[in-house]
Protein chains: 2
Amino acid sequence: MPQRDPLREQIIAQYDAMSPQLQQAARYVLEHPDEVALVSMRELARHAAVQPATMTRLAKFLGKQGYDDIREHYVAALRRGSDGFAAKVRQRNEGARASADGNIAAHMLHGLSAQISRLCEPDSLQRLEAIANTLKSVRKVYVLGLRSCHSVAWHFHYVMSLLGDRSVHLDGPAGTGGDALIRATPEDALLVVSVKPYAVATLELTQLAKDKGLTILSITDSEVSPLVGLSDQTIFCPTESDSFFHTLTPALAISEVLCTLLAEDDRPQALDALQRADEHFLSLNTYSSAIPRRE
Amino acid sequence: MPQRDPLREQIIAQYDAMSPQLQQAARYVLEHPDEVALVSMRELARHAAVQPATMTRLAKFLGKQGYDDIREHYVAALRRGSDGFAAKVRQRNEGARASADGNIAAHMLHGLSAQISRLCEPDSLQRLEAIANTLKSVRKVYVLGLRSCHSVAWHFHYVMSLLGDRSVHLDGPAGTGGDALIRATPEDALLVVSVKPYAVATLELTQLAKDKGLTILSITDSEVSPLVGLSDQTIFCPTESDSFFHTLTPALAISEVLCTLLAEDDRPQALDALQRADEHFLSLNTYSSAIPRRE
DNA sequence: ACACAAATGATTCAACTGTTGCATTCATAA
DNA sequence: TTATGAATGCAACAGTTGAATCATTTGTGT
């Protein structure tokens with residue numbers, strides 16, 4: 001499928017020699033080749049969060065005479081790709097063959113894609129927004145997810161911790177995970193993630209939080225999950241997959257959507273918090289090279 | 001192949017009512033739809049042997065507000081067409097736009113769904129299978145994912161740990177995460193997950209593992225990720241999302257697919273391992289045994 | 001601490017974009 | 001023929017494009 005693309009290869013080859021801004025521009029070009037052909041340089045630069053001049057400089061850096069040389073390349077590629085439908089038919093066939101060959105991976109990915117897209121049903125969206133609204137209004141958010149759900153809970157907490165200090169992750173070594181609930185009040189909420197089989201510790205901690213008067217929000221897998229009875233609000237994530245295991249990809253998607261809704265609620269504050277996080281990590285040398293700019 | 005194109009049909013329907021010049025312009029547009037998206041109006045007019053103004057007039061004649069409406073139509077068509085794989089995605093996107101009155105959640109979920117479905121491209125599938133094959137053949141799998149990628153790495157390790165003891169998670173308190181590499185040998189592999197911005201510690205540990213002769217497999221976000229140069233095999237996951245944050249949902253999907261491929265490789269053994277895990281958890285009362293009755 | 005070079009941001013400019021109003025041409029009917 | 005109205009060509013427009021220039025910041029070696 002990947003037709004040889006000399007310019008693309010050239011960009012990759014010279015990438016390491018570029019300045020940070022040039023890298024950012026180059027990376028965007030690599031990831032959105034069609035856009036280069038379809039929009040103006042300035043718009044491309046805006047999307048890449050880069051100065052327009054940087055695109056020109058990228059062209060010069062690659063030895064081209066100007067940005068138009070780059071665009072011309074991608075225009076030509078797009079022309080070739082779209083007109084001769086021989087290429088397209090070939091692509092289709094390859095894809096079809098791959099997925100028909102009893103290819104587990106393709107089948108599973110299709111399934112995941114469908115499950116996530118099914119989360120767009122009105123009912124789910126409504127629940128998502130409702131939970132997001134509750135999360136906005138509370139003082140602190142305690143996040144609980146054990147065993148397989150740890151990844152989802154942790155990720156939610158991690159993103160939230162970049163935005164402020166309202167999130168507390170209920171986890172820790174030596175069974176101390178629930179200790180943070182000591183200071184919880186009825187003005188707080190517990191976001192709990194659990195899918196079948198439901199860990200006893202999760203249910204117990206949830207019950208404890210409920211007794212303390214916290215608002216219980218849950219991400220779980222079924223109407224008959226034991227969490228439903230304990231929760232004020234619930235959103236359901238599909239977990240069925242081709243394999244022995246439950247999938248947590250839809251649950252993670254839900255958690256990411258929640259984070260986005262929360263951040264979007266107060267954009268300026270979110271941007272401010274992220275700015276501060278950036279500076280923090282910069283001074284700690286946490287990340288390699290440049291930290292991506294946000295607009 | 002010609003998907004339903006309302007504008008095209010409209011042009012054909014109104015063709016007979018057009019003046020000769022308009023017909024000439026319309027004819028050229030019909031026969032070279034890509035050109036409309038790829039070149040300027042004046043150039044298009046030149047190729048069609050028509051006055052520039054005629055193109056504007058054609059747009060008005062079709063009830064559009066201006067030429068840009070026509071161009072936008074063909075740009076959109078080209079965007080979708082070049083995706084090749086995303087015939088379904090197209091429908092979804094249209095649906096999303098219709099139902100999304102600024103609905104962030106729906107838009108984001110649609111995007112995630114599309115990204116995952118794009119992983120079904122032959123190139124990605126091939127990389128997935130290749131990595132799975134390598135993973136099958138090695139002695140131990142060390143799993144590394146820091147910061148935002150922790151969730152993916154941890155989840156992979158968790159699932160693998162249910163299947164056997166071949167997986168080692170490189171994480172731990174007090175910066176001891178890399179210590180497990182002490183006993184690593186060239187017969188082992190490192191599965192490393194990292195997306196931009198790349199944590200320095202991740203790159204350093206990966207380099208260390210590479211020096212020790214391990215096979216390096218990586219899940220990362222770009223051809224120009226610093227991991228590419230360090231890795232024997234790489235699979236790419238999209239990370240773009242509507243929000244400030246990168247999304248890790250596609251990366252998690254990839255990791256789950258890898259787990260499935262590994263488990264599927266030796267079904268009986270996987271089932272056996274799971275059986276033993278079940279018994280273990282049962283004796284520990286880890287999971288809530290019965291789903292609570294409700295009426 | 002300093003100077004120096006590279007990288008980046010801001011400003012400016014000529015060329016080009018799509019659009020519009022007006023002049024010209026053309027076909028047709030009286 | 002001439003009058004009439006549509007179709008067409010032309011020229012000028014405001015806005016945008018990609019590029020060049022200069023000022024400022026940033027990083028680096030001494």
Side-chain angles (χ1 to χ4, degrees), chain A residues 7 11 14-29 32 35-75 275 278-279 281-285 287-295, chain B residues 7 11 14-29 32 35-75 197 200 224:
Chain A
L7 180 54
I11 294 177
Q14 299 190 237
Y15 184 83
D16 290 324
M18 296 178 191
S19 73
Q21 288 294 301
L22 282 185
Q23 286 190 342
Q24 191 165 330
R27 173 181 272 256
Y28 189 87
V29 170
H32 306 86
E35 295 303 297
V36 180
L38 293 173
V39 309
S40 75
M41 185 195 79
R42 289 174 116 97
E43 202 172 330
L44 193 76
R46 266 187 30 238
H47 291 147
V50 154
Q51 289 262 343
T54 305
M55 288 296 172
T56 300
R57 287 166 180 154
L58 177 64
K60 303 272 185 187
F61 182 89
L62 293 171
K64 308 293 176 187
Q65 205 202 335
Y67 174 80
D68 276 328
D69 289 3
I70 292 186
R71 149 170 294 172
E72 265 313 309
H73 176 91
Y74 285 105
V75 166
Q275 175 75 27
D278 279 355
E279 286 160 12
F281 291 135
L282 197 60
S283 73
L284 278 183
N285 245 328
Y287 291 117
S288 152
S289 74
I291 292 179
R293 275 188 37 136
R294 346 233 180 206
E295 29 193 298
Chain B
L7 180 53
I11 294 178
Q14 298 190 238
Y15 185 83
D16 291 327
M18 295 178 192
S19 73
Q21 288 294 301
L22 282 187
Q23 286 190 341
Q24 189 168 334
R27 187 183 190 96
Y28 190 87
V29 169
H32 308 270
E35 296 302 299
V36 180
L38 293 173
V39 307
S40 75
M41 186 195 80
R42 288 178 118 98
E43 202 172 330
L44 193 77
R46 191 149 5 101
H47 291 145
V50 154
Q51 288 271 340
T54 306
M55 288 297 171
T56 300
R57 287 164 181 153
L58 176 63
K60 304 271 186 189
F61 182 87
L62 293 170
K64 308 292 175 186
Q65 204 202 334
Y67 174 78
D68 275 329
D69 289 3
I70 293 186
R71 147 169 294 174
E72 263 313 310
H73 177 90
Y74 285 106
V75 166
V200 171
V224 293

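Below, chains carry the letters A, B, ... as their sequence lines are ordered, and counting in each starts from 1.
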Here the distance between atom C1' of dC16(C) and atom CE of M41(A), to the nearest Å, is 14 Å
Specify the separation, in whole Å, of atom CG of L44(A) and atom P of dT17(D).
12 Å
Could you state the atom-to-atom distance from CD of Q21(B) to C1' of dT24(C) in whole Å?
14 Å
Starting from P on dA7(D), measure out to CG on L22(B) and report it in whole angstrom.
8 Å
Per nearest nucleotide of DNA chain D, the residue lying toward the 5' end, A53(A) or S40(A), is S40(A)
5' precedence on DNA chain D between Q51(B) and M18(B) (nearest-nucleotide basis)
M18(B)
Specify the separation, in whole Å, of atom CZ of R71(B) and atom P of dT17(C).
10 Å
Would you please confirm or rule out a distance under 4.0 Å between OP1 or OP2 of dG18(D) and any side-chain N or O of T56(A)?
no
State whether the side chain of H32(B) and the backbone N or O of Y28(B) hold a donor-acceptor pair below 3.5 Å, judged by distance alone.
no
With respect to the phosphate group of dT19(C), does any side-chain polar atom (N or O) of K60(B) fall under 4.0 Å of OP1 or OP2?
no
Please state how far atom CG in L38(A) lies from atom C1' in dT17(D), giving the value in whole angstrom units.
16 Å
Rounded to whole Å, please give me the gap between CZ in R42(B) and P in dT16(D).
16 Å
Taken to the nearest whole Å, CD/Q24(B) to C1'/dG9(D) is 14 Å
For the residue pair A49(B) and Q24(B), what are the closest heavy atoms and their distance?
O-NE2, 3.2 Å
If you go through the side-chain atoms of R57(A), does one of them form a donor-acceptor pair with the base of dG9(C) closer than 3.5 Å?
yes
Can you see which heavy atom on I11(B) is nearest to which on M18(B), and at what distance?
O-CE, 3.9 Å
